[in-house]
**Q** 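Handing you this structure, nothing more for now.
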Amino acid sequence: MKTAAVFFADGFEEIEGLSPVDYLRRAGVEVTTVGVKGKAFNDSMIVTSSHNIPIITDTTLDAYLAGHESDLPDCVVCPGGSVGADNLAANDSLLAFLEKCNAAGKLTTAICASPAVVFGKTNILLGKKWTCYPGMEDNAKEEYIPAYYNEVFITDDNVVTGRGPGASEQFAMELVRILCGQETHDTIRKGSQQR
């Protein structure tokens with residue numbers, strides 16, 4: 001079974017974080033929601049979105065990293081939201097883990113502000129075409145900015161980046177296609193468009 005980790009921090013954009021969780025789980029991917037910054041709650045975390053909607057994650061970043069030093073997920077996802085992206089980018093342990101996943105060829109993905117704000121602090125965008133929420137690209141390292149394109153989403157090798165909230169479904173479905181194949185993608189897409 002394919003595995004994925006979606007990282008949540010206070011200020012995340014709901015549709016950008018939960019669309020990948022929803023679509024990947026529909027596709028049979030084992031998805032773990034990981035709290036990076038929020039309020040401790042038992043062995044997990046309560047993370048509050050940019051629109052003040054709280055969610056309870058499956059685990060905390062520290063617990064997740066302790067259990068995945070060598071067992072890397074097939075996919076990692078960083079949702080956007082300006083504050084959420086800043087909170088993800090402020091965590092050096094997360095940045096190091098994302099770089100480790102990318103170096104291992106794992107599907108390394110981000111949407112909205114996170115491609116620039118989170119990936120832009122790492123080597124993940126090195127030599128890659130990428131997109132993000134328009135106007136946020138200047139938050140990335142200067143050498144990454146020429147490879148920025150204002151597109152709905154961009155897949156470049158193992159790195160997938162998405163533009164923003166309106167791109168959430170296409171971004172999530174691209175992750176399904178890559179991880180689970182075109183047939184699964186088409187089946188889920190057809191089911192989501194029926195009335």
Side-chain angles (χ1 to χ4, degrees), residues 4-20 34-38 47-51 61-62 64-65 68-69 72-175 177-179:
V6 182
F7 298 99
F8 289 89
D10 284 341
F12 75 94
E13 186 68 38
E14 302 91 347
I15 195 168
E16 296 167 1
L18 295 176
S19 291
V34 182
V36 176
K37 183 173 182 184
V47 182
T48 304
S49 75
S50 60
H51 298 101
L61 180 64
D62 289 344
Y64 185 80
L65 296 181
H68 290 84
E69 289 181 20
L72 300 177
D74 297 300
C75 175
V76 288
V77 183
C78 292
S82 180
V83 172
D86 286 341
N87 284 331
L88 293 178
N91 191 297
D92 290 338
S93 296
L94 174 63
L95 296 181
F97 185 72
L98 294 171
E99 285 196 314
K100 183 177 182 178
C101 290
N102 181 60
K106 303 300 183 180
L107 192 58
T108 308
T109 76
I111 187 169
C112 193
S114 283
V117 174
V118 179
F119 287 5
K121 289 182 74 172
T122 70
N123 293 321
I124 293 168
L125 297 178
L126 188 63
K128 306 290 186 192
K129 286 178 55 178
W130 62 285
T131 192
C132 69
Y133 191 83
M136 296 300 295
E137 63 273 12
D138 291 339
N139 289 278
K141 293 179 184 178
E142 189 174 330
E143 60 265 33
Y144 298 157
I145 295 174
Y148 164 81
Y149 295 86
N150 185 8
E151 296 181 17
V152 174
F153 69 86
I154 294 175
T155 301
D156 190 339
D157 194 24
N158 66 308
V159 176
V160 181
T161 51
R163 186 164 54 202
S168 295
E169 183 178 25
Q170 293 116 309
F171 172 78
M173 289 301 296
E174 176 69 353
L175 307 188
R177 185 190 68 77
I178 294 168
L179 288 174

**Q** May I ask you to decide if Ser49's main-chain N or O and Glu14's side chain share a donor-acceptor pair within less than 3.5 Å?
**A**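 No: the side chain of Glu14 does not pair with the backbone of Ser49.
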**Q** For a quick test of reading the model, state the closest non-hydrogen atom pair linking Ala5 to Val34 and the distance between them.
**A**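 Between these two residues, the closest heavy atoms are CB-CG2, 4.3 Å.
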**Q** Considering only residues two or more places apart or on different chains, which pairs with a residue in residues 116-139 satisfy salt bridge (charged side-chain N to carboxylate O under 4.0 Å, His left out)?
**A**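 The answer is Lys128-Asp157.
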**Q** Using the side-chain hydrogen bond (donor to acceptor under 3.5 Å, both in side chains) criterion, which residues pair with Ser82? Sequence neighbours excluded.
**A**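 For Ser82, no residue satisfies side-chain hydrogen bond (donor to acceptor under 3.5 Å, both in side chains) once neighbours in sequence are set aside.
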**Q** Would you call the rings of Tyr64 and His68 parallel, tilted or perpendicular, taking 30° and 60° as the class edges?
**A**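 Tyr64 vs His68 ring planes: parallel.
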**Q** Here's a test for you: under side chain to side chain contact (heavy atoms under 4.5 Å, CB included), which of Phe153, Trp130, Phe171 qualifies with Thr161?
**A**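 Only match with Thr161 under side chain to side chain contact (heavy atoms under 4.5 Å, CB included): Trp130.
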**Q** Indicate yes or no for a side-chain donor-acceptor contact from Ser114 to the backbone of Pro79 under 3.5 Å, with no hydrogens or angles considered.
**A**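 It does hold such a pair.
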**Q** What's the shortest heavy-atom distance between Lys106 and Asn158, and which atoms?
**A**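 Answer, listing the atom of Lys106 first, then Asn158: O-ND2, 2.8 Å.
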**Q** Which atom pairs, donor and acceptor, lie under 3.5 Å between side-chain atoms of residues 88-98 and protein residues at least two apart or in another chain?
**A**
residue	atom	partner	partner atom	Å
Asn91	OD1	Ser93	N	3.1
Asn91	OD1	Leu94	N	2.9

**Q** Give the minimum heavy-atom separation between Ala104 and Leu72, together with the two atoms involved.
**A**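 That would be CB-CD1, 3.7 Å.
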**Q** Can you see which heavy atom on Gly164 is nearest to which on Tyr133, and at what distance?
**A**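 It is CA-CD1, 4.3 Å.
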**Q** Where is the tightest heavy-atom contact between Glu99 and Ile124, given as atom of each residue plus distance?
**A**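 Scanning both residues completely, I find the closest heavy atoms to be N-CD1, 4.2 Å.
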**Q** Rounded at 0.5 Å granularity, tell me how far CG in Asp74 sits from CG in Leu179.
**A**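 The CG atom of Leu179 is 6.5 Å from CG of Asp74, to the nearest 0.5 Å.
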**Q** Are any side-chain N or O atoms of Asp10 and backbone N or O atoms of Thr48, one a donor and one an acceptor, separated by less than 3.5 Å?
**A**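 Yes; judged by distance alone, with no hydrogens or angles, the pair exists.
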**Q** Any heavy-atom pair between the side chains of Thr131 and Pro115 that's under 4.5 Å?
**A**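 No - every pair of side-chain heavy atoms lies 4.5 Å or more apart.
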**Q** With rounding to the nearest 0.5 Å, note down the distance linking CG in Leu107 to CD1 in Ile178.
**A**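 Answer for the CG-CD1 pair, Leu107 versus Ile178, is 5.0 Å.
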**Q** Tell me which donor-acceptor pairs under 3.5 Å the side chains of residues 140-152 have, and how far apart each pair is, sequence neighbours excluded?
**A**
residue	atom	partner	partner atom	Å
Lys141	NZ	Thr122	O	3.4
Tyr144	OH	Thr122	O	2.6
Asn150	OD1	Arg163	NH1	3.1

**Q** What pairs with Asn139 under side-chain hydrogen bond (donor to acceptor under 3.5 Å, both in side chains), at least two apart in sequence or on another chain?
**A**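 Asn139 satisfies side-chain hydrogen bond (donor to acceptor under 3.5 Å, both in side chains) with no residue once adjacent residues are dropped.
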**Q** Are any of the side-chain heavy atoms of Cys112 and Glu13 separated by less than 4.5 Å?
**A**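 Result no, sub-4.5 Å side-chain heavy-atom pair not found.
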**Q** If you take all heavy atoms of Ala9 and Val47, which pair is closest and at what distance?
**A**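 Looks like C-CG1, 3.2 Å.
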**Q** I'd like to check the side-chain contact (heavy atoms from CB on, under 4.5 Å) partners of Ala113; sequence neighbours left out, ordered by chain and number.
**A**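 side-chain contact (heavy atoms from CB on, under 4.5 Å) list for Ala113, sorted by chain: Ala85, Val117, Met136.
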